[in-house]
Amino acid sequence: MVGKLLGVPGEHDYRMRRVSSTPTSNWVLVTPDQLSLESLATWATRPNCGAVVTFSGVVRDHSRTRENVIALEYETSIEMAEKRIHEVVDEARVRWPSLEAVAIHHRVGRVELSDATVIVAVSSPHRDDAFDAARYCIDTLKVSVPMWKRELWEGGSAWSDESSPIVNARDR
Amino acid sequence: MVGKLLGVPGEHDYRMRRVSSTPTSNWVLVTPDQLSLESLATWATRPNCGAVVTFSGVVRDHSRTRENVIALEYETSIEMAEKRIHEVVDEARVRWPSLEAVAIHHRVGRVELSDATVIVAVSSPHRDDAFDAARYCIDTLKVSVPMWKRELWEGGSAWSDESSPIVNARDR
Amino acid sequence: MARLLLLGPAREAAGVRNDVFEGPTMEAVLSEAVTRYGAKFEAVLEVSQVWLNGEPANLETAVESYDEIAVLPPISGG
Amino acid sequence: MARLLLLGPAREAAGVRNDVFEGPTMEAVLSEAVTRYGAKFEAVLEVSQVWLNGEPANLETAVESYDEIAVLPPISGG
């Protein structure tokens with residue numbers, strides 16, 4: 001089980017990093033449960049950080065090729081996806097060393113209209129870094145994390161055709 | 001009372017715009033009450049929008065010139081500030097016509113450590129526009145909205161020296 | 001009478017947030033304000049902008065009754 | 001035996017999510033998989049990438065027992 005060996009869930013990572021002299025932290029989660037923007041943003045808010053930027057991807061009622069979408073359904077290997085999201089976060093920290101907290105949560109399974117499919121929350125002393133890093137995280141997640149989306153409508157469903165070959169986080 | 005004539009609070013604006021054929025909406029508020037990221041983000045989430053970006057400015061424990069900041073205190077004319085924030089939003093809509101909902105809330109009075117002083121929430125079908133517009137809104141608010149910040153520490157306070165001459169939103 | 005609104009450091013230096021003045025110009029109002037509030041206010045005024053009814057104004061701008069003048073030191077919101 | 005993990009459209013085309021194969025190479029495993037699952041899977045495989053134990057692999061890569069091979073069609077997360 002490659003993910004078990006190479007990936008660790010966010011909470012564990014958090015505890016490990018807390019003992020370092022410059023405490024930073026990651027919270028990565030791929031889950032069938034509803035996502036909470038408030039949880040991620042509150043968790044990312046730190047007394048030494050002036051800026052918290054969040055991105056929420058939400059299920060919309062249309063796609064590039066289809067109207068009347070009523071839900072999305074995501075399929076993945078949770079451990080493989082979490083490992084790859086950790087690589088996105090690690091690369092973001094290399095590029096923006098001022099980052100404090102970085103949280104990325106992604107849904108699997110069925111997600112209803114207007115619900116969040118993915119949330120990125122980033123804190124930094126500087127807002128430019130927070131904006132740039134949040135954008136890098138979502139842009140890179142979309143092309144580097146194994147995840148497949150079905151569009152559901154009344155009476156049918158199909159794989160999304162907005163797909164791209166998988167690449168590595170540091171190649172973005 | 002210039003603000004009363006030219007500015008309208010967000011809720012009123014929202015109701016007015018709802019009757020138009022392409023419903024868009026602004027929610028602008030300058031308030032002594034605690035801000036709620038969840039409220040702004042939930043309000044900004046629309047079924048035709050795939051992306052919601054938020055920026056939260058939070059009170060941090062230091063400034064450019066001072067350590068051990070325990071709180072900030074903002075002074076303004078609420079009506080004048082709301083009018084100028086509306087101008088920021090209007091200009092953002094000119095630059096990014098795809099924007100759906102735009103909410104900007106700003107605290108006045110005393111704000112404690114780690115609490116939000118300002119929150120921007122923007123939704124759009126496209127995440128690039130949502131990121132760019134949110135960033136424009138906070139960058140422009142900082143140089144175009146009349147607002148004065150005192151830094152408070154144990155036993156003293158002083159006006160922030162991170163200040164800049166006021167400019168117009170469309171000149172940014 | 002026109003209303004003068006003093007904000008942030010201008011309010012602090014003047015010791016008041018609202019006051020009233022006769023015109024006829026911005027220059028007349030502001031020099032009367034310096035006389036009334038003193039050197040500390042003058043120092044803040046030098047780095048401030050002035051608005052008339054929410055729009056940028058200059059020293060020549062005419063001031064009439066019910067106008068609102070605002071003194072805006074460099075801002076620090078967000 | 002090595003484990004084959006089939007995800008998204010590859011899982012759908014194959015009709016299974018997990019399967020087991022003998023090596024000795026990626027090429028041997030994948031051509032046996034095409035035989036087992038048929039033309040629809042072959043079409044998906046052609047646009048997919050393959051990983052061995054979480055790292056990109058190619059047709060020459062050796063496959064041993066307990067290895068995990070993943071077939072990754074173009075992704076659509078976020």
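Below, chains carry the letters A, B, ... as their sequence lines are ordered, and counting in each starts from 1.
Within the 3.5 Å criterion, the main-chain N or O of C/Gly78 finds a donor-acceptor partner in the side chain of B/Tyr74. Of the possible donor and acceptor atoms, one in the side chain of C/Gln49 sits under 3.5 Å from a partner among the backbone N and O of B/Ile166. One N or O on the side chain of C/Ser76 and one on the backbone of B/Lys149 form a donor-acceptor pair closer than 3.5 Å.
Within residues 24-36 of chain C, no residue has any heavy atom under 4.5 Å from a heavy atom of chain B.
Between atom CH2 of residue B/Trp148 and atom CD1 of residue C/Ile75 there is a gap of 7.5 Å, rounded to the nearest 0.5 Å. Note that CE of B/Met147 and CG of C/Leu7 are 10.5 Å apart. Values are rounded to the nearest 0.5 Å.
Heavy-atom neighbours of B/Arg66 CZ from other residues, nucleotides or ligands within 6.0 Å: above the threshold of 12.
Evaluation of the salt bridge (Lys or Arg N to Asp or Glu O under 4.0 Å) rule for B/Arg150 yields C/Glu12 as partners, not counting sequence neighbours.
Side-chain contact between B/Met80 and C/Leu72: present, with at least one pair of heavy atoms (C-beta onward) separated by less than 4.5 Å. Between B/Ser77 and C/Arg17, the closest side-chain pair of non-hydrogen atoms falls below 4.5 Å.
In terms of heavy-atom pairs under 4.5 angstrom with chain C, the leader among B/Pro165, B/Gly57, B/Ala116 is B/Pro165.
Taking all atoms of both residues into account, the shortest heavy-atom contact from B/Glu75 to C/Gly8 is OE2-N, 3.0 Å.
With a 4.5 Å cut-off on non-hydrogen atoms, B/Thr117 touches chain C through its side chain but not through its backbone. In this structure, chain C has a heavy atom under 4.5 Å from the side chain of B/Arg84, while its backbone stays farther away.
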